[in-house]
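To keep things clear, I will list the structure first and then write my remarks on it.
Both ligands and their constituent atoms are indexed starting at 1 by order of listing.
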Amino acid sequence: MKAMVYERYGPPDVLHVQEVAKPTPKDKEVLIRTYATTVTAGDCRVRSLRMPVGFGLIARLVLGVSKPRQPMLGSELAGEIASVGRDVRQFKVGDQVFAFTGARLGCYAEYTCMLEDGAVALKPANLTFDEAAAMSSGGTTALAFFRKAKLQSGEKVLINGASGGVGTAAVQLAKHFGADVTGVCSTANVELVRSLGAHHVIDYTTEDFTEQGATYDVIVDTAGTAPFSRSKRALKERGRLLVVLGGLPDLLHVPWVAITSHKKVIAGPAAWRAEDVRFLAELAEAGAFKPVIDRRYPFEQIAEAHRYVDTGRKKGNVIITLAP
Ligand SMILES: NC(=O)c1ccc[n+]([C@@H]2O[C@H](COP(=O)([O-])OP(=O)(O)OC[C@H]3O[C@@H](n4cnc5c(N)ncnc54)[C@H](OP(=O)(O)O)[C@@H]3O)[C@@H](O)[C@H]2O)c1
């Protein structure tokens with residue numbers, strides 16, 4: 001089968017097409033033929049090994065010291081079940097599904113195996129394959145952080161970086177959970193963020209949310225520009241800062257803030273669960289969640305898509321299409 005691989009860390013040009021062995025599903029696995037996948041900010045980080053402050057060495061140890069251990073990037077996909085292992089009960093050949101491989105990656109290929117009780121779910125009928133492919137990365141990240149923060153209906157939530165992959169999912173999910181939602185983005189994305197259901201939008205090019213006197217129960221930082229030192233004055237007495245993008249210093253703040261105040265910093269990798277994808281599918285079917293698509297690129301042009309995502313300016317999600 002065709003796969004997009006990389007054998008060394010570096011710029012988008014390290015990605016190239018290669019023929020690799022088509023995987024065979026084990027007894028409890030399904031084999032998915034990929035029709036669409038995505039390029040996330042995380043894919044670009046792993047490809048380039050450009051990590052938040054303090055995580056460079058840890059990342060190298062996890063991902064491969066001199067070269068990547070997993071040559072195929074891509075953490076989410078949508079497609080069709082091509083075959084099933086002999087103990088599979090929940091899916092059959094031809095089912096249209098979407099899936100999240102998370103840190104295991106491996107979605108930049110024509111076929112991928114998933115455990116049937118892993119993060120795989122039937123594609124909502126009202127979504128295209130492109131939309132379904134973009135359900136998981138931003139959606140599970142936002143869900144996992146909101147779960148840790150114990151987000152309550154009626155709370156005031158501010159999302160810094162509301163127009164990105166995680167931000168566009170977070171705005172919709174916070175709204176669904178009954179929060180009063182404020183999105184922070186640049187001028188060009190104000191209308192997009194409003195259209196996703198944000199009750200208030202702050203244009204960070206003209207206003208600084210930390211200087212306005214307003215306070216929030218939950219602040220989500222997906223842009224890395226609202227660390228605790230800056231956000232604390234905009235957090236309520238028992239407010240929680242969700243550091244989706246942060247370095248080692250942000251992690252070190254976690255115990256310190258807990259000891260010295262009633263505020264809380266929640267940082268680190270998102271603790272997503274396999275059932276999160278099924279929850280997102282239910283929300284999408286009910287019309288409460290729809291991934292935002294910015295651009296689409298054919299499979300052969302993944303490097304071009306990486307170049308775009310590297311700019312840090314994507315709106316929602318960038319799709320890679322492999323449909324026959
Ligand atoms: N902790 C975890 O488990 C976890 C999970 C997933 C992702 N992440 C990380 O979270 C980060 C965000 O991911 P993503 O997929 O949302 O990235 P993304 O889609 O690339 O985010 C791009 C968005 O960031 C916005 N932005 C840039 N500078 C900003 C600023 N100063 N203030 C507010 N917004 C700004 C941009 O909007 P404008 O063009 O309007 O500026 C753009 O829409 C990435 O670094 C990713 O690696 C962490």
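Scanning all heavy atoms of the two residues, the minimum distance from Phe55 to Gly247 falls at CE1-C, 3.6 Å. Scanning both residues, Glu7 and Pro68, for their nearest heavy atoms gives O-CD, 3.5 Å.
Proximity of Val244 to ligand 1, defined as any heavy-atom pair under 4.0 Å, is shared by backbone and side chain alike. Counting heavy atoms under 4.0 Å from ligand 1, residue Ala270 touches it through both backbone and side chain. Here Asn189 has side-chain heavy atoms under 4.0 Å from ligand 1, and that is the only part of it that gets that close.
For atom 37 (O) of ligand 1, the closest heavy atom belonging to the protein is Ser163 OG, 3.0 Å. When hydrogens are left out, the protein atom nearest atom 41 (O) of ligand 1 is Tyr204 OH, 2.4 Å; that is the closest non-hydrogen contact. Scanning all protein heavy atoms for the shortest distance to atom 18 (P) of ligand 1 gives Lys314 NZ, 3.7 Å. In terms of protein heavy-atom proximity, atom 6 (C) of ligand 1 is closest to Thr141 OG1, 3.5 Å. Looking from atom 46 (C) of ligand 1 to the surrounding protein, the closest heavy atom is Ala41 CB, 3.9 Å. Atom 22 (C) of ligand 1 has as its closest protein heavy atom Gly312 O, 3.4 Å. Of the protein's non-hydrogen atoms, Ser186 OG, 2.5 Å is the one closest to atom 40 (O) of ligand 1.
Taking 4.0 Å as the cut-off, Pro52 does not count as a neighbour of ligand 1 on heavy-atom distance. Contact analysis puts Asn160 in contact with ligand 1, with a non-hydrogen atom separation below 4.0 angstrom. Contact annotation: Gly138 has no heavy atom less than 4.0 Å from any atom of ligand 1.
Residues Glu275 and Arg278 are not paired through a salt bridge, judged by the lack of any N-O separation under 4.0 Å between the basic side chain and the carboxylate. Taking 4.0 Å as the cut-off between side-chain N and carboxylate O, Asp221 and Arg230 do not count as a salt-bridged pair. No salt bridge links Lys26 with Asp87; every basic N to acidic carboxylate O contact stays at or beyond 4.0 Å.
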Going through the distances and angles, do Arg238 and Asp217 end up as a salt bridge (charged side-chain N to carboxylate O under 4.0 Å, His left out)?
CA-CA 7 Å; Arg238 292 188 181 273; Asp217 298 288; over 6 Å; no
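Considering backbone and side-chain atoms alike, Val166 places an N or O below 3.5 Å from some N or O of ligand 1. Taking only nitrogen or oxygen atoms, main chain and side chain alike, Pro269 does not reach within less than 3.5 Å of ligand 1. For ligand 1, the polar-atom distance check against Ala223 finds no nitrogen or oxygen pair separated by under 3.5 Å. Checked by distance only, ligand 1 and Leu245 stay at 3.5 Å or farther apart across all their nitrogen or oxygen atoms.
Side chain to side chain, Glu76 and Thr38 meet the donor-acceptor criterion of an N or O pair below 3.5 Å. Between the side chains of Thr205 and Ser186, no donor N or O sits under 3.5 Å from an acceptor N or O.
Between His253 and Phe228, the ring planes lie tilted relative to each other; the angle falls in the 30° to 60° range.
At least one side-chain heavy atom of Val120 sits under 4.5 Å from a side-chain heavy atom of Phe91. Between Thr215 and Leu235 there is no side-chain heavy-atom pair separated by less than 4.5 Å.
Numbered from 1 in the order shown, with element, the atoms of ligand 1 that lie under 4.0 Å from a heavy atom of Thr222 read 11 (C), 12 (C). Remark: ligand 1 atoms within the under-4.0 Å shell around heavy atoms of Gly164 are 16 (O), 19 (O), 21 (O), 22 (C), 23 (C), 43 (O). The ligand atoms of ligand 1 that sit less than 4.0 angstrom from a heavy atom of Gly161 are 33 (C), 34 (N).
A cation-pi contact links Arg295 to Tyr308, judged by a cut-off of 6.0 Å to the six-membered ring centre and 45° from its axis. For the pair Lys123 and Phe129, the cation-pi criterion (under 6.0 Å, within 45° of the ring axis) is fulfilled.
Comparing heavy-atom distances from atom 47 (O) of ligand 1 across Arg45, Arg313, Lys315 singles out Arg45 as nearest. Scanning Thr311, Leu192, Thr225 for the heavy atom closest to atom 31 (N) of ligand 1 points to Thr225.
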